[in-house]
Amino acid sequence: MNRLPVPVAARVPVPACSRTDREKQAERKKKRNRMSSSREFVEYVKEQLSTRPDVIIRPMMGEYLVYWGGRLGGDICDNRLLVKPVPAALELLPKAAMEPPYPGAKSMVLVENLEDRAFLRRLMEAMEPELPLPKKRKPKKKAVQ
């Protein structure tokens with residue numbers, strides 16, 4: 001039985017990237033290197049939301065998640081406060097822009113009026129019953145020795 005030799009990968013010339021491939025790579029790099037929220041903005045939002053003692057802002061993947069009442073209600077991304085598009089948020093912010101927190105994500109409601117603490121409190125209180133409860137974590141299995 002005659003077998004042909006298997007070509008070695010080193011012998012196969014690697015095609016050069018076309019100009020469009022380089023442009024695509026540069027575009028992807030720009031998306032990865034987007035501006036993250038400044039610490040000053042996060043502190044400002046935290047201060048504005050401080051009318052409720054149960055507000056927690058946690059860093060996550062270079063940006064921040066906003067919890068109140070133990071429920072995830074919004075994100076702070078690129079120096080913007082975005083909340084989940086639950087019916088209460090859409091009712092209180094009927095003309096608000098819907099923007100994704102990052103490319104490829106679902107759109108969320110942009111909160112532009114960060115100066116009005118009373119409004120932010122009303123927004124959080126109206127949204128809380130409509131936000132899903134956090135999922136229960138399963139206990140870790142112990143390693144068998």
Side-chain angles (χ1 to χ4, degrees), residues 6-145:
V6 178
V8 178
R11 293 183 193 164
V12 178
V14 177
C17 291
S18 67
R19 184 169 174 84
T20 57
D21 288 342
R22 286 190 201 126
E23 290 170 355
K24 288 177 186 176
Q25 289 173 352
E27 193 174 304
R28 278 188 239 123
K29 188 175 181 180
K30 281 182 187 177
K31 286 181 182 178
R32 282 194 306 264
N33 294 335
R34 63 185 167 73
M35 180 188 77
S36 63
S37 298
S38 69
R39 191 73 190 141
E40 294 81 22
F41 182 77
V42 173
E43 290 298 323
Y44 174 71
V45 171
K46 189 175 184 177
E47 179 66 29
Q48 293 302 97
L49 299 177
S50 67
T51 58
R52 285 187 58 146
D54 61 347
V55 172
I56 298 171
I57 298 178
R58 291 187 179 149
M60 182 68 66
M61 298 182 292
E63 293 293 353
Y64 299 86
L65 300 178
V66 183
Y67 295 83
W68 59 85
R71 302 165 190 231
L72 176 60
D75 295 353
I76 298 174
C77 295
D78 298 333
N79 288 338
R80 303 172 298 162
L81 175 62
L82 302 160
V83 295
K84 289 192 172 192
V86 296
L90 297 172
E91 185 178 319
L92 288 170
L93 296 163
K95 296 180 182 177
M98 296 287 287
E99 296 183 8
Y102 53 88
K106 292 180 182 178
S107 292
M108 297 177 76
V109 181
L110 176 65
V111 180
E112 293 180 351
N113 185 10
L114 296 175
E115 293 79 29
D116 188 353
R117 287 183 177 193
F119 171 74
L120 292 173
R121 184 176 179 103
R122 281 195 321 272
L123 177 64
M124 288 188 293
E125 288 173 353
M127 287 179 63
E128 186 174 355
E130 298 175 1
L131 295 172
L133 290 169
K135 295 179 182 176
K136 301 283 184 187
R137 292 186 178 186
K138 294 181 181 178
K140 292 182 181 179
K141 294 181 181 180
K142 294 183 181 180
V144 179
Q145 294 181 355

**Q.** Residues in salt bridge (charged side-chain N to carboxylate O under 4.0 Å, His left out) contact with E112, at least two apart in sequence or another chain
**A.** none

Minimum heavy-atom distance [X]-[Y], with the two atoms named:
| X | Y | answer |
| --- | --- | --- |
| L90 | P85 | CD1-O, 3.8 Å |
| A89 | V83 | CB-CG2, 4.2 Å |
| G62 | S36 | O-CB, 3.4 Å |
| C77 | S37 | C-OG, 3.5 Å |
| A105 | P100 | O-CB, 3.5 Å |

(Q) side-chain contact (heavy atoms from CB on, under 4.5 Å) for V55 and S50? Distances and angles first, verdict last. (A) CA-CA 7 Å; V55 172; S50 67; over 6 Å; no

Q) So with a 6.0 Å cut-off around CE of M60, is the heavy-atom count from everything else above 12? A) no

Q: Return yes when atom CD of E91 has more than 12 non-hydrogen atoms of other residues, nucleotides or ligands closer than 6.0 Å, and no otherwise.
A: no

Q. If you round to the nearest 0.5 Å, how far is CG of L81 from CG of D75?
A. 9.0 Å

Q) Going from CD on E63 to CD1 on I76, what distance comes out if it is rounded to the nearest 0.5 angstrom? A) 9.0 Å

Could you check if a side-chain atom of [X] sits within less than 4.5 angstrom of a side-chain atom of [Y], using non-hydrogen atoms only?
| X | Y | result |
| --- | --- | --- |
| N113 | E115 | yes |
| R39 | V42 | yes |
| M108 | K84 | yes |
| M124 | D54 | no |
| V111 | L93 | yes |

Q. Going through the checks in order, is the side-chain contact (heavy atoms from CB on, under 4.5 Å) test met by L131 and Y67?
A. CA-CA 10 Å; L131 295 172; Y67 295 83; over 6 Å; no

Q.
Taking side-chain hydrogen bond (donor to acceptor under 3.5 Å, both in side chains) as the cut-off, I'd like each qualifying pair that reaches into residues 122-134, sequence neighbours left out, listed once.
A. R52-E128, R121-E125

Q: Any chance you could lay out the side-chain contact (heavy atoms from CB on, under 4.5 Å) test for V109 and M98, step after step, and finish with the verdict?
A: CA-CA 5 Å; V109 181; M98 296 287 287; 3.5 Å; yes

Q. Can L114 and F41 be said to form a side-chain contact (heavy atoms from CB on, under 4.5 Å), step by step?
A. CA-CA 11 Å; L114 296 175; F41 182 77; 3.7 Å; yes

